[in-house]
Amino acid sequence: MSKILIRGAKVLGGEPRDVLIDGETITQVGTGLSSEGAEVVEAAGRVLLPGLVDLHTHLREPGREDSETVLTGTRAAASGGYTNVFAMANTFPVADTAGVVEQVWRLGQESGYCDVQPIGAVTVGLEGRKLAELGAMHESAAGVTVFSDDGKCVHDAVIMRRALEYVKAFGGVVAQHAQEPRLTEGAEMNEGVVSAQLGLGGWPAVAEESVIARDVLLAEHVGSRVHICHLSTAGSVEIVRWAKSRGIDVTAEVTPHHLLLTDELVRTYNPVYKVNPPLRTERDVMALREALADGTIDIVATDHAPHPHEDKDCEWAAAAMGMVGLETALSVVQETMVDTGLLDWAGVADRMSFEPARIGRATGHGRPVSAGEPANLTLVDTAYRGLVDPAGFASRSRNTPYEGRELPGRVTHTWLRGKATLVDGKLT
């Protein structure tokens, strides 16, 4: 196995250090390190982080390989600094059996760019009527720990309660897409001033907040873990903050796009801004940033949702909901959280590596950058600024809301267990 010496890196944004990798493991962290025969990477003050972990990725395979595959999605992940992603269950067929989750897991192993941990569906076919094979998926080779019907809400309170009870037995977690379906029928954007002016169907904040309120109470009653996917409103923040103050075992995620973009962009009628949950108001964006900074929101998750060109290059009403995000997530977090002074790089490591790995029980990921730990690492040139060009994406899809926008930071290197997957910004 090869040796790699990363020289002069700011570990978690701190003072420059040298990091020596031997095989799959970090063997030394210090100053003035040397190692005969080692490949030297001159970090020149760049920030070294643990490999990023995304608890919410759509890889589309099996069934929608025209949007993304496990291979193209993990290449996009490596480009964005990720070494582990959790693949959502809304595939075709749905990942609601041991056979399907094992297929996705094995495809991830074959790709070699990023570890893939499948998320199992909560209900059969995402239909919300009957619990899926939660135990069988957990006991499978994939070792599923996170279950979600994301794309749809587990709206039946009895089904949600049973799911929380079931996963409690093996320390699993139910990740809820909080959307009361009756309150969002025909919804195309955030309900508010802009939707009223444009005459588009509104997605009210209460449709998210009411489900979160119900589910944190169910989690308290059962004594189980619940995770809130893509939290998007100021009211949701307050409910989660209240639940945590009571000791309820709830965690929550925010997407990069909900930290930066607002519903004002929908005035362009550009379907690239159509997403679920929808872009909210400036007030919501500021509340989400503050909540991520103070720990009310635990993690950043991309909700990477690739779509083929024809599903986005159409009129607003017909367009699919979703945005790609793996390759731009860290840059958006730098702009919204680091460059604003709300988080330091140690905080970014916590929200984008340590905590998502803890929530998802991702063994070997989200570990400290120290001797004896797995060499899952990402190196970031934080001084870089450049325009987003989706033509250069590794993802099969190009539906980014940031095309032509200047963003800070660029991942230059990613290592998965000591093997370089990205070198000087190029996939190996």
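For the single chain, residues carry numbers from 1 onward in sequence order.
- Side-chain contact check for Ser236 and Glu208: at least one donor-acceptor pair (N or O, by modelled atom type) lies under 3.5 Å.
- Considering only heavy atoms from C-beta on, Leu330 stays 4.5 Å or farther from Val300 through its side chain.
- The salt bridge (Lys or Arg N to Asp or Glu O under 4.0 Å) analysis of residues 70-85, with sequence neighbours excluded, yields no pairs.
- The 12-atom threshold is not exceeded at CZ of Arg283, counting heavy atoms of other residues, nucleotides or ligands nearer than 6.0 Å.
- In terms of the ring pair (Phe, Tyr, Trp, His ring centres under 6.0 Å) criterion, His258 has no residue partners (sequence neighbours excluded).
- With hydrogens and angles left out, the side-chain atoms of Thr72 and Thr69 include a donor and acceptor closer than 3.5 Å.
- Inspection of the Gln117 and Asn84 side chains reveals no N or O donor paired with an N or O acceptor under 3.5 Å.
- Atom NZ of Lys10 has 12 or fewer neighbouring heavy atoms from other residues, nucleotides or ligands inside a 6.0 Å radius.
- For residues 155-165, the set of pairs meeting the side chain to side chain donor-acceptor pair (under 3.5 Å) definition, not counting sequence neighbours, comprises Arg161-Glu165, Arg162-Glu165.
- Inspection of the His365 and Thr83 side chains reveals an N or O donor paired with an N or O acceptor under 3.5 Å.
- For the residue pair His304/Glu68, the side-chain donor-acceptor check at 3.5 Å is satisfied.
- Asp284 and Thr233 form no side-chain donor-acceptor contact under 3.5 Å, judged by distance and modelled atom types alone.
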Can you give the donor-acceptor pairs under 3.5 Å from side chains of residues 123-137 to other protein atoms, not counting sequence neighbours?
{"unit_1": "Thr123", "atom_1": "OG1", "unit_2": "Glu127", "atom_2": "N", "d": "3.3"}
{"unit_1": "Thr123", "atom_1": "OG1", "unit_2": "Gly128", "atom_2": "N", "d": "2.9"}
{"unit_1": "Thr123", "atom_1": "OG1", "unit_2": "Asp149", "atom_2": "OD2", "d": "2.6"}
{"unit_1": "Glu127", "atom_1": "OE1", "unit_2": "Arg129", "atom_2": "NH2", "d": "2.9"}

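- Counting only residues at least two apart or in different chains, ring pair (Phe, Tyr, Trp, His ring centres under 6.0 Å) contacts with residues 46-74 comprise His56-His58, His56-His230.
- Within the 4.5 Å cutoff, the side chain of Asn376 has no heavy atoms near those of the Trp415 side chain.
- Among residues two or more places apart in sequence or in another chain, the salt bridge (Lys or Arg N to Asp or Glu O under 4.0 Å) test is passed with Glu355 by Arg358.
- Of the residues listed (Asp150, Val254, Val324, Thr57), the one engaging Asp303 in a side-chain contact (heavy atoms from CB on, under 4.5 Å) is Asp150, and it is the only one.
- Proximity of Leu326 to Ser79: side-chain heavy atoms (C-beta onward) are nowhere separated by under 4.5 Å.
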